[in-house]
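The model shown is predicted, which means the values in this text are computed figures rather than measured ones. Nothing fancy with the numbering, it's 1 onward along the sequence. Just so you know, ligand 1 is whichever comes first in the structure, and atom 1 is the first atom listed for that ligand.
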Amino acid sequence: MLGNFTYCNPTRLHFGENALDQLGAELAGYGKKVLLTYGGGSIKRSGLYDEITAILKEAGKDVLELPGVMPNPTVEKLYEGCKIARDNDIDLILAVGGGSVCDYAKAVSVSAWCEEDPWDKYYLRMEDVDNRIIPVGCVLTMVGTGSEMNGGSVITNHEQKRKIGHVFGSNVMPKFTILNPVYTFTVPMKQMVAGIYDAFNHICEQYFSGEDENTTDCIAEGLMRSLIESSRVAIRDPENYEARSNIMWAATWALNTLLAMGKSTDWEVHMIGQSIGAYTDATHGMTLSAVSMAYYRFIMPYGLAKFRRFAVNVWGISPDGKSDAELAEAGLAAMERWMNELGVSMNIRELGVTEDMLDGIADGTFLMNGGYKPLTRDDVITILKASM
Ligand code: NZQ
Ligand code: ZN
């Protein structure tokens with residue numbers, strides 16, 4: 001384990017089919033004014049909206065609604081939420097939805113009382129919060145991002161063609177999250193598989209880095225095996241509670257800070273994927289899957305030992321008779337077959353990327369240095385071209 005660290009995740013999780021029973025007790029810890037924020041209507045169709053508004057009423061809350069949070073929430077939507085939260089002196093933001101709604105709630109939470117433009121301060125200048133933070137609670141309906149138990153908040157600025165994530169500290173993480181796997185049964189297949197690959201890639205981003213023997217990597221391998229196994233059940237039988245509950249739990253642990261403890265991390269697939277998202281508004285998980293094979297094949301020679309280990313420990317491939325490079329490639333080929341089974345996007349053209357966008361996408365890609373091969377801008381172009 002590298003370095004010194006303090007580990008504390010303050011988000012209280014309530015998991016299971018009856019998890020919503022805990023919402024009333026959680027609400028009692030906050031003032032009367034609740035901002036209920038949600039997406040484009042899936043919670044109304046599923047009946048969850050009615051259940052939650054009944055609990056809020058029972059708890060005696062004054063509820064203000066902020067619907068219409070879009071996938072990949074925009075900076076304009078952020079400004080709208082800030083005004084509502086501030087004008088109404090909101091005590092708690094309750095986010096009901098997927099990662100977009102939860103990310104959005106955190107962005108409003110830190111921005112409502114910010115005297116500067118939050119896009120400039122938090123996303124372009126990456127500054128810390130130094131103003132009042134409105135607490136956030138979350139009821140998760142779609143699995144993948146880990147937003148329910150982390151400080152991440154990704155906002156898209158279409159005018160500037162930038163999609164940027166700020167990972168805030170533990171004071172911004174949701175105070176509580178309700179995780180009921182049954183809510184995810186209605187997620188469309190395309191979103192479900194995108195979420196599964198998103199969670200898988202969060203693990204990869206934290207696994208493919210470092211040369212040291214590290215307990216955290218062993219946890220990562222277990223989570224990957226569980227996700228692969230459960231995903232194969234869920235694509236055949238989306239209402240299989242056991243599979244959906246395992247996927248939900250694995251995805252939460254994939255990005256709640258645990259897997260970054262005591263080791264270096266990469267995040268370059270996410271940096272490329274976010275820049276693609278800024279140009280195409282494509283589904284987040286698909287922007288990752290579409291560049292992953294080109295990226296991992298590109299960096300594999302620089303991190304051969306870990307890619308060998310990935311083949312054996314995650315995909316169960318026998319090392320017998322294989323050179324290091326053959327074994328590493330066999331692991332990536334197994335991953336590629338699984339991605340095809342899921343049906344995630346395997347090229348960026350189908351996401352709407354055209355040749356004339358490649359330079360701009362490369363310019364918008366942050367270059368990280370924790371992975372096996374810190375990329376140059378030219379490398380990003382090479383990977384994008386190989387992903388067309
Ligand atoms: O808007 P509604 O009507 O609710 O529909 C949503 C949306 O269209 C639908 N959906 C969600 N739950 C459903 C459902 N449909 C039927 N039944 C349900 N139970 O699914 C669609 C996608 O939802 P969204 O929240 O956009 O998906 P996801 O959870 O993948 O979130 C994506 C956002 O999170 C960011 C992404 O960049 C993107 O902006 N990320 C946040 C991270 C973090 N906080 O750490 C990390 C990730 O890497 C990611 O970048
Ligand atoms: Zn992600």
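- Of the N or O atoms in Pro71, none lie within a sub-3.5 Å distance of an N or O in ligand 1.
- Within Asp198, the N, O or S atom at minimum distance from the Zn ion (ligand 2) carries the name OD1.
- The nearest heavy-atom contact from the protein to atom 21 (C) of ligand 1 is Gln191 CD, 3.7 Å.
- Atom 35 (C) of ligand 1 has its closest protein heavy atom at Asp103 OD2, 3.4 Å.
- With a heavy-atom cut-off of 4.0 Å, Asp198 touches ligand 1 through its side chain alone.
- Looking at atom 30 (O) of ligand 1, its nearest protein heavy atom turns out to be Met142 CE, 3.5 Å.
- Side-chain heavy atoms closer than 4.5 Å link hydrophobic residues (I, L, V, M, F, W, Y) into clusters, and following such links, even through other members, never connects Leu2 to Leu259.
- By the 3.5 Å distance cut-off applied to N or O atoms, Ser42 is counted among the residues near ligand 1.
- Residue Arg45 places no N or O, backbone or side chain, under 3.5 Å from any N or O of ligand 1.
- Contact between Gly144 and ligand 1 is absent, with no heavy atom of the residue lying under 4.0 Å from the ligand.
- No hydrogens or angles considered: nothing links the side chains of Tyr122 and Ser153 as a donor-acceptor pair under 3.5 Å.
- Using modelled atom types and a 3.5 Å distance limit, the side chains of Tyr295 and Asn201 yield no donor-acceptor pair.
- With ligand atoms numbered from 1 in the order given, ligand 1 contributes 45 (O), 46 (C) to contacts under 4.0 Å with heavy atoms of Leu255.
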Notebook entry, point to check: Taking it one step at a time, do Thr252 and Glu148 satisfy side-chain hydrogen bond (donor to acceptor under 3.5 Å, both in side chains)?
Noted result: CA-CA 7 Å; Thr252 297; Glu148 66 275 13; 2.6 Å; yes

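- The local environment of CD in Glu229 is sparse, with at most 12 non-hydrogen atoms from other residues, nucleotides or ligands closer than 6.0 Å.
- Under a 4.0 Å heavy-atom criterion, Pro188 is in contact with ligand 1.
- Nearest heavy-atom pair across Ser109 and Val172 is OG-CG1, 4.4 Å.
- Using bins of under 30°, 30° to 60° and over 60° for the plane-to-plane angle, the ring pair Tyr296/Phe208 lands in the tilted bin.
- The aromatic rings of Phe310 and Tyr207 lie tilted to each other, with the angle between the two planes from 30° to 60°.
- For atom 45 (O) of ligand 1, the nearest non-hydrogen atom of the protein is Asn150 ND2, 3.0 Å.
- At the Zn ion (ligand 2), the vertex angle linking NE2 of His284 with NE2 of His202 is 170° (nearest 10 degrees).
- By the neighbour-count criterion of 12 heavy atoms within 6.0 Å, atom CD of Glu58 is sparsely surrounded, having that number or fewer from other residues, nucleotides or ligands.
- Interface of Gly39 with ligand 1, defined as ligand atoms under 4.0 Å from a residue heavy atom, comprises 1 (O).
- In terms of N/O distances under 3.5 Å, ligand 1 is approached by Gly40.
- Counted by atom type alone, Glu65 and Tyr49 present one or more donor-acceptor pairs between their side chains at under 3.5 Å.
- Listed by number with element, the atoms of ligand 1 under 4.0 Å from a non-hydrogen atom of Thr141 are 11 (C), 12 (N), 13 (C), 18 (C), 19 (N).
- With no hydrogens or angles considered, no side-chain donor-acceptor pair links Thr376 and Asp378 at under 3.5 Å.
- Side-chain polar atoms of Asp117 and Tyr79 form a donor-acceptor pair below 3.5 angstrom.
- More than 12 non-hydrogen atoms from other residues, nucleotides or ligands lie less than 6.0 angstrom from CD of Glu350.
- Counting heavy atoms closer than 4.0 Å to ligand 1, residue Lys163 contributes side-chain atoms (C-beta onward) but none from N, CA, C or O.
- For atom 32 (C) of ligand 1, the candidate residues are Ser100, Ser46, Gly285; the nearest heavy-atom contact is made by Ser100.
- Geometrically, ligand 1 and His270 share a nitrogen or oxygen pair separated by less than 3.5 Å.
- Of the protein's non-hydrogen atoms, Gly99 N, 2.7 Å is the one closest to atom 29 (O) of ligand 1.
- Residue Tyr183 touches ligand 1 through its backbone alone, judged by heavy-atom distances below 4.0 Å.
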Margin query: Between Asp266 and Ser209, does the side-chain hydrogen bond (donor to acceptor under 3.5 Å, both in side chains) criterion hold? Intermediate values first, please.
Written below: CA-CA 6 Å; Asp266 182 355; Ser209 46; over 6 Å; no

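- At least one heavy atom of His202 sits under 4.0 Å from some atom of ligand 1.
- Residue Asn72 places a heavy atom less than 4.0 Å from ligand 1.
- Grouping the Ile, Leu, Val, Met, Phe, Trp and Tyr side chains by contacts below 4.5 angstrom, directly or via other members, places Met70 apart from Leu36.
- Taking every heavy atom of Ser147 and a limit of under 4.0 angstrom, the matching atoms of ligand 1 come to 44 (N).
- For atom 16 (C) of ligand 1, the nearest non-hydrogen atom from the set Ile164, Leu288, Thr186 comes from Thr186.
- Within the 4.0 Å cut-off (strictly below), a protein heavy atom is located near atom 49 (C) of ligand 1.
- Shortest contact from atom 46 (C) of ligand 1 to any protein heavy atom: Thr145 O, 3.7 Å.
- Ser231 and Trp338 share a side-chain donor-acceptor pair at under 3.5 Å.
- Interface atoms of ligand 1 facing Gly152, defined by a heavy-atom separation under 4.0 Å, are 44 (N), 45 (O).
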